[in-house]
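First listed ligand is number 1; within each ligand, the first listed atom is number 1.
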Amino acid sequence: MPARTMGLSLSNEDPIEAAAAMEIPFFSLYNERIGEILDAVDRLRDLKVTKEGIQLPTIVVVGDQSSGKSSVLESLAGISLPRGQGICTRVPLIMRLQGSHYRGSEPEFYLEYQGKTVPTSEQGIPKAINTGTDEIAGKQKGVSDNPITLVVKKRGVPDLTLVDLPGITRVPVHGQPEDIYEQISKIIMEYITPKETIILNVLSATVDFPTCESIRMSRAVDKSGERTLAVVTKADKAPEGLLEKVTADDVNIGLGYVCVRNRIGTESYEEARAAEASLFEAHPLLSMIDKSMVGIPVLAQKLVKIQASIIGKCLPEIIKKIDEKHTQNVSELNTLPRKLNNIAEAMEVFVKVIGSAKESLARLLLRGEYDEFLDDKTMHCPARIVELLDEYSQQLHYRSSSLPRGEYDDKTMHCPPQILELPDDLPQHCSAYAILPDEYSQPSPSQSSSLQRGEYDEYSQQLRYKSSLAEEESSKNTLFLMEEIAVLEESSRLALPNFLPRPAFRTILKQKLKGVAQTPFEFTRKVWNYIEGVVIRILVGHSESYPQLQTSCRRAAYNLITKMRERSYSYVQEMVEMETIADYTSNPEYMNTWHDLMKYQEPLLQILNGNSFNTQLEIPGFDRMEVLHLKVLSKKVEQAFDMKMRVTAYWKIVMLRLVDNLALHLLISMKNLVNEEMEAEIVKEFMGGNGGGLERLFEESTAVANKREKLNGSINLLKESKDVLAQVMDRIALESVHGHVE
Ligand SMILES: Nc1nc2c(ncn2[C@@H]2O[C@H](COP(=O)(O)OP(=O)(O)OP(=O)(O)O)[C@@H](O)[C@H]2O)c(=O)[nH]1
């Protein structure tokens, strides 16, 4: 029996005792049952509990190609593994050595892969592994991350589970695929990244350690080296400088180095171990290396200790995680929609879905309770609608701050030169004039007099010079009272001069309304687009488990919002039209504002009559205004001023109505949508021709069926894992009370 006779020192120093001697508090409880615990962990590995995101403590063997990984495993297990010069290991090989609690008289060897178990003999192992590898990764030189498990049950071998990974190579050889490096690196990184993994880095004594790819990779995931142990192979081939290499520790190996000499050629295991022992005993250079750092037996002991330590460290966490995940999956399974079997059940679900969606929408849109969506501000509906309303109100004010220049459909609304004695394009100049820099913003004394005489050419050239810069602001600013005077002129008729012609007032008002008429439509469109998003999201969310219903919900929401939007457009149309056909308010604010504004007529007349040093008039709510241009038009100034102030006072009321009425209209529309119309529309859609009716709810969606299956699978797996661990823990607990149960 090679393993017994090869002197793995298992008989001299029991690795289990050694592990117990480490004084790992958790482990001390379990030391006598380490084999069983390891077995339980291996069973969890078989169950693929890692699929559930639960990492298991694992010792992973990595190394550059042909560094001697398989040879090290062979030496540890006392068996033959495929060995060679090019790529040999092409799939992860999980090697499970079970010695301490194996009671059979003959050793047992078998492979497990692709769901099958293949018994083999000690001699047949290399061939069986090669066959399995070919089956998993193809006969070429390709690699795969699908593992083969080799179980070795043999008295005397250490209780160890190690994973051998394909060797890393930069350059493809022996017909390997071009991306072999990427493929192998991916497999290795997958195995060595979890913090529960111990990295057994196999380094050949013949190479410079810092140049090893395996070192680069293990350092990438374990910078300080606290979970890396180095095995230096081929000590016999490069004894020079080995002592310095392992003592200098240039590559940060936290768990230390063990130098070994593996089996060479056709040597037997006994011969190999004996040769190793005498090499480190007698070689002038190798004998200098401390005995705690040489030989396969030392490596076996170290690994057993390390394994005991990580299992001790990880087990409580594993038990906790399995438990949590199990509970979580069970409750997720319970939230899945149940399978419906008859009309009554389908009706119950339908009513429930619609009811809960309706309640959510009522909370969000009508009551402003957004606790379901605390972190998602887009669902804080009243606040978002108020934002849109504020924006609408600002737009209205901005767009109505002056008569829209250039938007007169009728030529007669242009300031007529024969009346004003100004050039045709004066409105453009006037606008520019209002915002020109100082040197242009006011006519010089000579320009002023030219203007008054009706000589505008030179001045208008300068004004034109700056008018392009003034484009944006020009819509806001017009020469004070000029528009009113122009409109009054156009409305002249045979009447007493001190009566304000109503048509003039209404003309100005209509112009202002025309300037803002699009704004409420734009606002209405925006609000309904927003509400549409909210309604669809809620309906889709509540019917998530019933895709058959979801489609009808989407269609119903779309139809409904289209209908609501159109209704609102009609309302807006009527609202604007009402303002156009009549000028009326009972709001006393109108008269108050007008009175307040009229107080500024006197200062204006003072300026125009030359009784004031000012050339500008300041009225609250208006920009500071140049008024000298009005001197030549004094006939109409008083009437124009009165009209402007009336329009200003009345416009405030109109604006308020445009905002308030639309806001109230939207509130009642949302209420109707949620409380009255939504349900009926969904029923119509779902029960009607397109929806397919309640029977459609009997069909379980593939997504739900898949999820149910996945959850059930996962719950079974976790349950089995829990049982596996519970069994071993119960035995340990029992033993700690009653002594050994054999
Ligand atoms: N002289 C000597 N040769 C060794 C030693 N260890 C391994 N070898 C030889 O090195 C070669 C490669 O060894 P393997 O164990 O196949 O190396 P590997 O890292 O598993 O190879 P891949 O899986 O292909 O990456 C084989 O020919 C071994 O016999 C050793 O300690 N001394």
Heteroatom distance test (S67, ligand 1): nitrogen or oxygen, under 3.5 angstrom: yes
Contact check: T233 vs ligand 1, nitrogen or oxygen atoms, below 3.5 angstrom: no
Salt bridge K69-D64, side-chain N to carboxylate O under 4.0 Å: no
Residue S70 vicinity, atoms of ligand 1 by number, heavy atom under 4.0 Å: 15 (O), 18 (P), 20 (O)
Any N/O pair R261/ligand 1 closer than 3.5 Å: no
Ligand 1-proximal atoms of D236, by part, heavy-atom distance under 4.0 Å: side chain
K237, portion touching ligand 1 at heavy-atom distance under 4.0 Å: side chain
Electrostatic pair K291-E281, nearest N-O below 4.0 angstrom: no
Nearest atoms (heavy-atom pairs only) where T211 meets D208: OG1-O, 2.6 Å
Rounded distance [0.5 Å steps], CG in L717 versus CD in E52: 5.5 Å
Carboxylate-amine/guanidinium proximity below 4.0 Å for K321 and E324: no
4.0 Å heavy-atom contact, G63 with ligand 1: no
Proximal ligand 1 atoms for Q65, defined as those under 4.0 Å from one of its heavy atoms: 25 (O)
Atom CZ of R43 with >12 non-hydrogen neighbours under 6.0 angstrom: no
Salt bridge (Lys or Arg N to Asp or Glu O under 4.0 Å), paired with R96, selected from D164, D39, D42: D42
Structural part of I264 in contact with ligand 1, heavy atom criterion under 4.0 angstrom: side chain
